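To start, the structure under review is shown below, and the notes come after it.
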Amino acid sequence: MPRTVAVIQARTSSSRLPGKVLAPVGGVTMLERLVRQLRGARTLDQVVVATSDHPSDDALAAHLQAAGVPVHRGDLDDVLARFAGAAASQDAEVVVRLTGDCPLHTPDTVDDVVEAFHASGADYASNLEPYTRPDGLDVEVFTRESLERALREAEPGPDREHVTPWLRRSDHVRRHFHLHGDGLGGEGMRWTVDEPADLEYVRRVWARLDESGAQPHSYEMIMKAALEVGAREDADIPNRGYYKSLFEAAPADAAPALRLGRSEELLRRSAQVIPGGAQTYSKSWRQHVRGVSPVFLERGKGARVWDVDGNEYVDLIQGLLPNILGYAHPEVDRAAYEQAQRGHSFSLAHPLEVELAERLVRIIPCAEMVRFGKNGSDATAGAVRAARAFTGRERVATCGYHGWQDWFIGTTSRTAGVPAAVRELAHPFAYNDVEALDRVLSAHPGEFAAVIMEPFNFYEPAPGYLEGVKELARRHGALLIFDEICTGFHMGLGGAQTMFGVTPDLATFGKAMGNGYPISCIAGRRDVMAVFDEVFVSFTFAGDAASMAAAVAVLDQLEHTDALDRLQAAGRRLADGMHALAAEAGLAERFRTHGHPAWTLFRFLDENGVDDPVLKTLWSQEVVRRGVLVLATHNVCAALDYAAVEHVLRAYAAAFRRVGSLVAQGADLSMHLDGPVPAPAFRARG
């Protein structure tokens, strides 16, 4: 086996907790505790500490040498060069990167990733994307050759301060991301030390273990001790130092304008032949800063799109959520193409209808039967019609957004063309307020066919809320319908009903189901679904076999790969990064996020805590000009890899830096806008 050396980064000049690596944990210094743990790793030939040659680290170097720990000293600021020097000093062929502020690291965690690295044949492997261990058990493994290339090619700034960013995004590096397979969990816990509270926590954990440290402790043993101590409630954002580096390296000037000539010309032509200029309100130019943002996109691949003028963007809209795997996913496209070659709009039913329905029945808790459509509005309208037929009632209680058709859109500000008699049959109610729903249902006793709601719409249901809604609907004789057009698949295979453990009578799914191919479904109880024998919900393309083939391929990816784990890891990193960057910009009190890692809403606030559209628009103007396409949410796809996330975070860093500077100056932000503030099509979600 190639000579494998663990290089531990350590210095005493930490900005938040100076000297932390020399703080005692279980009778020895934190750094010694880590070294003793690593002595139990079967895959390591040597451990060396890479510290700086700055006088502030003289005592650290002397202490380690006295303890018999090899030390390499190098440049304080060029951590990459220091790290590479440490690897060279030990003739490493394979390098394992660890940091000195992780005293609870475990030898079996290291062995697991090193063995995965060798088995994969990659140049780089880690357990970081997604995290399947607590923060503080990060392991990165890479070839010495790749490290030397990074040393030659990485630019000054965050790439050299944090060692591996270049390796994690370079096209020249073959990467493997390892998921620990022991089922012990731990993602979301914090075992690293950056603050005094972190140090106190790891000391409490270690106190429950053998403090002699004579025998390195396994992950299972330390996890048991950590669970006894209890989870930290005040845990900090992981890798806050990296986000700080991005902010400090970000340009302070306004971003240059994009070339948008062809987009603007197409918009002028569109205005003559297409009402509103687009087929979907939320895909219209009106949702972006006119004259600043692109209007027409031409192609997409993975997490990226290109507009008609050739500008490239990381796309955090992803077609309004359908592209859960990203644009032009090869397996999904191949499945649809191969089916289309055999025909896809047949004169009779196709076997794929049965295959896909059987699979959805297995995956979705409420599904005993399934009926297909082409988009979300088909499914929600069909579910409501079925509920009315089943109950013999007409009124519907609604919460959230449910599509364009009359029965729902009449409850919003977009009521033009909707008959008053139809509008009177739909009754909105507030989310997370059982009493509000009770008042609605009680106002017309015995008249409600259904309660239809988004079970999760950026805000977590309060404990017992969904259960309360279900009980209330049942008490009033109404069916409960979960609109999972957005939550379905993004929040796990079974959607929010699996996530929260509440099973509705009916549910609707769409968007991500086909990764951009048009398909949706109504799923639910057999006795309710049986009404479709009489209820007319039927259209020519409902049985489109190409879209069904795509949906089968999507489910293959979601069930049998780590796509959902990667998606959620990217979403968490984006949300963490936004909060850290907002804080660096002095905007921590004027920025909020809500939701799930796969689908996160972010808000910019004024001094009174009210949404500030001018602040958000100025931030968006900077972001789009730096190559990020986003509205007000992160619609995360599994193709959003490290390089794409880093591109977004660098754009966000520049935007926060500029906006934060203007706010600090007391500037009139509207004077820095190059276009009008976008207006929402309507408001429905709470």
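Throughout, residue positions are numbered sequentially from 1 according to the sequence presented. A quick note: this is a predicted structure, and the numbers were derived from the prediction, not measured.
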Over 60° means perpendicular and under 30° means parallel, so tell me whether [X] and [Y] are parallel, tilted or perpendicular.
X: Phe458; Y: Trp599; answer: tilted
X: His172; Y: Trp166; answer: parallel
X: His180; Y: His178; answer: perpendicular
X: His162; Y: Tyr242; answer: perpendicular

[X] atom [atom1], neighbour heavy-atom count above 12 within 6.0 Å:
X: Glu312; atom1: CD; value: yes
X: Glu228; atom1: CD; value: yes
X: Glu145; atom1: CD; value: no

>> Cation-pi check for Tyr219 against Arg133: NZ or CZ below 6.0 Å from the six-membered ring centre and within 45 degrees of the axis, yes or no?
In response: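 Yes.
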
Is the shortest heavy-atom distance from the side chain of [X] to the side chain of [Y] under 4.5 Å?
X: Asp45; Y: Met1; value: no
X: Trp619; Y: Arg658; value: no
X: Tyr652; Y: Val630; value: yes

> Passes ring pair (Phe, Tyr, Trp, His ring centres under 6.0 Å), Phe656 versus Phe591? Steps please.
Replying inline: CA-CA 10 Å; Phe656 274 115; Phe591 177 77; 5.6 Å; yes

> Considering residues at least two apart in sequence or located in another chain, which fulfil the side chain to side chain contact (heavy atoms under 4.5 Å, CB included) criterion with Asp78?
Replying inline: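 For Asp78 the side chain to side chain contact (heavy atoms under 4.5 Å, CB included) partners, ignoring immediate neighbours, are Asp75, Leu80, Ala81, Arg160.
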
> Between Val95 and Ala87, which heavy-atom pair has the shortest distance, and what is it?
Replying inline: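 Scanning both residues completely, I find the closest heavy atoms to be CG2-CB, 3.9 Å.
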
> Which pair of heavy atoms, one from Arg650 and one from Arg169, lies closest together, and at what distance?
Replying inline: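 Of all heavy-atom pairs spanning Arg650 and Arg169, the closest is NH2-NH1, 4.1 Å.
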
>> I'd like to know whether Phe117 forms a ring pair (Phe, Tyr, Trp, His ring centres under 6.0 Å) with His176, so could you lay out the CA-CA distance, the side-chain angles of the two residues, the decisive distance to 0.1 Å, and finally the verdict.
In response: CA-CA 7 Å; Phe117 166 81; His176 173 73; 9.0 Å; no

